[in-house]
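Worksheet for the structure shown next.
Just so we're on the same page: letters track the sequence lines, and every chain starts at 1.
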There are 2 protein chains.
Amino acid sequence: MKNANTRQKILEVAQELIQRRGLNAMSFQDLSDAVGIRKASVHHHFASKADMVVALLQRYRVEFQRVVDDIVRSNVLGRTKLKRYFGLFVETGKSEKSCLCGMLIAEVSSLDEAGTQEVRAFLHENIEALQKIIQQGVQDGSLADQLPVQGTAEMILSTLEGGLMLSRCDGGPDQLAAMLSRLLSLLSTK
Amino acid sequence: MKNANTRQKILEVAQELIQRRGLNAMSFQDLSDAVGIRKASVHHHFASKADMVVALLQRYRVEFQRVVDDIVRSNVLGRTKLKRYFGLFVETGKSEKSCLCGMLIAEVSSLDEAGTQEVRAFLHENIEALQKIIQQGVQDGSLADQLPVQGTAEMILSTLEGGLMLSRCDGGPDQLAAMLSRLLSLLSTK
DNA sequence: GTCTATAGCGCGATAGAC
DNA sequence: GTCTATCGCGCTATAGAC
């Protein structure tokens with residue numbers, strides 16, 4: 001198996017395990033079991049756990065933002081974009097995972113400085129994207145025009161991350177979807 | 001030191017450590033260091049970590065609900081009650097802690113069945129209290145009358161838990177308070 | 001109720017052969 | 001790039017003296 005492939009496979013497994021269990025409940029042994037190589041071989045690709053988390057977050061941010069950009073740039077109402085953005089979190093809930101960064105903000109005290117900065121960058125990127133969506137929705141008349149853009153963007157991301165966590169513990173993705181559709185109504189023009 | 005006192009002291013320290021770092025980043029050694037007794041003595045009070053978590057959650061639920069009940073029963077507008085309920089989370093953020101149950105819903109896969117049920121009970125109790133507050137606010141005219149009671153209660157709790165997590169990673173309690181005041185506006189009568 | 005001591009295991013990480 | 005082997009440590013948990 002080639003270098004790059006193994007490295008990618010490790011990152012895939014690591015991401016899934018962190019989304020399901022959390023950083024501190026995942027070990028290099030778990031990774032080596034799932035990938036089918038020895039623990040020492042995992043260390044060949046990632047010197048330390050902290051290094052692996054940073055690499056994982058860099059990849060996740062790029063992939064997530066590519067999907068988000070597609071939504072932001074699509075030719076639909078702001079309200080519809082918001083609904084699609086919500087859908088990303090509902091889909092994650094359906095596969096019984098949390099948001100990678102949602103999990104890591106809970107465990108932020110276990111991250112080093114580089115990891116913490118990656119998580120912060122994820123939050124900023126998403127708040128920025130939500131601000132764009134809200135502004136466009138206000139302009140096209142699909143979202144309420146008295147919304148303070150920044151505060152609302154922060155509120156939406158908080159609700160999505162928190163709601164996904166809560167739904168994993170109780171209620172599941174259907175209840176999450178129902179709750180988010182109520183939020184969407186609240187933000188929409190009457 | 002008496003039995004009950006030591007037991008309470010252990011629970012206090014355990015709660016603080018879990019709220020700051022998370023369940024999987026806290027050990028019996030941490031507890032014994034902070035309380036000033038040996039690790040084996042901690043095990044005398046709590047046979048296993050899972051037992052300790054359940055005892056901790058039972059106590060936390062009672063204490064939290066006592067405070068919440070005071071808010072629900074106070075003689076003020078529903079909107080004011082909601083603001084005070086929000087304040088509980090802002091205060092937690094000011095002491096650089098997360099909600100105990102907010103942390104544990106992220107780490108729910110590390111809990112046993114009894115622990116998971118305690119966390120669910122906490123969520124249910126708080127959603128119920130929020131429903132009462134919303135209903136009263138709708139009746140006294142301080143909150144918007146088109147709010148679907150259950151969905152809104154779930155949304156508020158999600159925003160509070162998620163917002164506290166996000167603010168711990170970036171922005172701090174002041175940004176959390178600002179975001180929540182925007183949420184309060186959104187829920188209030190115009 | 002607290003202690004010393006330890007079992008038994010898993011962890012992150014490293015050395016060095018192939 | 002993967003392997004075997006191991007280090008050093010921390011973990012939960014238990015046994016048994018005081």
In whole Å, what is the span from the [atom1] atom of [X] to the [atom2] atom of [N]?
X       : N      : atom1 : atom2 : answer
A/Met52 : C/dA13 : CE    : P     : 10 Å
A/Asp30 : C/dC11 : CG    : P     : 6 Å
B/Leu17 : D/dC11 : CG    : P     : 12 Å
A/Arg21 : C/dG10 : CZ    : P     : 14 Å
A/Leu31 : D/dT2  : CG    : P     : 14 Å
B/Lys9  : C/dT2  : NZ    : P     : 14 Å
A/Arg38 : C/dC18 : CZ    : C1'   : 15 Å
A/Asn5  : D/dT2  : CG    : P     : 10 Å

| said: Can you list everything that forms a salt bridge (Lys or Arg N to Asp or Glu O under 4.0 Å) with B/Glu128? Sequence neighbours excluded, please. | reply: none

| request: Only counting residues at least two apart or in another chain, list the ones meeting side-chain hydrogen bond (donor to acceptor under 3.5 Å, both in side chains) with B/Ser32. | output: B/Gln29

| request: Compare side-chain N and O positions of A/His45 against OP1 and OP2 of D/dT2 and report whether any pair is under 4.0 Å apart. | output: yes

| Which residue pairs pass the salt bridge (charged side-chain N to carboxylate O under 4.0 Å, His left out) test when at least one of the two sits in residues 130-150 of chain A, sequence neighbours left out? |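 Of all non-adjacent pairs touching residues 130-150 of chain A, none passes salt bridge (charged side-chain N to carboxylate O under 4.0 Å, His left out).
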
| said: Show every salt bridge (charged side-chain N to carboxylate O under 4.0 Å, His left out) that has at least one partner inside residues 85-99 of chain A, sequence neighbours left out. | reply: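 Of all non-adjacent pairs touching residues 85-99 of chain A, those that pass salt bridge (charged side-chain N to carboxylate O under 4.0 Å, His left out) are A/Glu16-A/Lys97, A/Glu91-A/Lys94.
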
| Any idea which heavy atoms bring B/Ala121 and B/Arg61 closest together, and the distance? |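 For B/Ala121 and B/Arg61, the tightest heavy-atom pair comes out as CB-CZ, 3.4 Å.
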
Scan nucleotides 12-17 of chain D against the protein and return all N/O pairs shorter than 3.5 Å with their distances rounded to 0.1 Å.
residue	atom	partner	partner atom	Å
D/dT12	OP1	B/Lys49	NZ	3.2
D/dT12	OP2	B/Phe28	N	2.9
D/dT12	O4	B/Lys39	NZ	3.3
D/dA13	OP2	B/Lys49	N	2.8
D/dA13	N7	B/His43	NE2	3.3

Cut-off 3.5 Å, no hydrogens considered: what does the side-chain donor-acceptor table look like for residues 152-162 of chain A, sequence neighbours left out?
residue	atom	partner	partner atom	Å
A/Thr152	OG1	A/Pro148	O	2.6
A/Glu154	OE2	A/Gln150	NE2	2.8
A/Glu154	OE2	B/Gln175	NE2	3.2
A/Ser158	OG	A/Glu154	O	2.9
A/Thr159	OG1	A/Met155	O	2.7
A/Thr159	OG1	B/Thr159	OG1	2.7

